[in-house]
Amino acid sequence: MMEHFGDNVKAIAGNWSYGDNLAAMNKLTGQGMSLEEAASQTWTGGQAAKFGFSNPTVETAIGAAGNYTKIRVVFKKL
């Protein structure tokens, strides 16, 4: 994506209702980490950071720490 669109990319969004990213979010928030800090520690957060998108904003979080069922996060450049 980044090779194709380059500097035209303004944000990277994740919509997680299953899978590794959601599992990581639940594990980390269950240990007391904030949603934004946990988002940075997911696979998608790591990939986004490689391209300078290291400022996550959690727009939707359905559930509770350690037991979320749906999360929408947007990674932007600082």
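Computed from a predicted structure; not experimentally measured.
Met33 forms part of a hydrophobic cluster together with Leu28, judged by ILVMFWY side-chain heavy-atom separations under 4.5 Å.
Applying the salt bridge (charged side-chain N to carboxylate O under 4.0 Å, His left out) test to every pair with at least one member in residues 25-35, sequence neighbours left out, gives no pairs at all. Listed by first and then second residue, the side chain to side chain donor-acceptor pair (under 3.5 Å) pairs involving residues 30-39 amount to none (not counting sequence neighbours). The list of salt bridge (charged side-chain N to carboxylate O under 4.0 Å, His left out) pairs with a residue in residues 14-23, not counting sequence neighbours, is empty.
In this structure, the salt bridge (charged side-chain N to carboxylate O under 4.0 Å, His left out) partners of Glu59, at least two apart in sequence or on a different chain, are Arg72. Residues that satisfy the side chain to side chain contact (heavy atoms under 4.5 Å, CB included) test with Ala24, not counting sequence neighbours, are Thr42. With sequence neighbours excluded, no residue forms a side chain to side chain contact (heavy atoms under 4.5 Å, CB included) with Tyr18.
Leu35 is listed as a side-chain neighbour of Thr29, based on a closest heavy-atom distance under 4.5 Å.
The backbone N or O of Lys70 sits nowhere less than 3.5 Å from a side-chain atom of Ser17 that would complete a donor-acceptor pair.
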Side-chain donor/acceptor pairs under 3.5 Å, residues 44-58, sequence neighbours excluded:
from: Thr44; atom 1: OG1; to: Asn21; atom 2: OD1; distance (Å): 3.4
from: Thr44; atom 1: OG1; to: Asn21; atom 2: ND2; distance (Å): 3.0

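Atom OG1 of Thr60 and atom CD1 of Ile71 lie 9.5 Å apart (nearest 0.5 Å). Distance check: Asn67 CG to Asn26 CG gives 6.0 Å after rounding to the nearest 0.5 Å.
Closest non-hydrogen pair, Val73 versus Ala39, comes out as CG2-CB, 3.9 Å.
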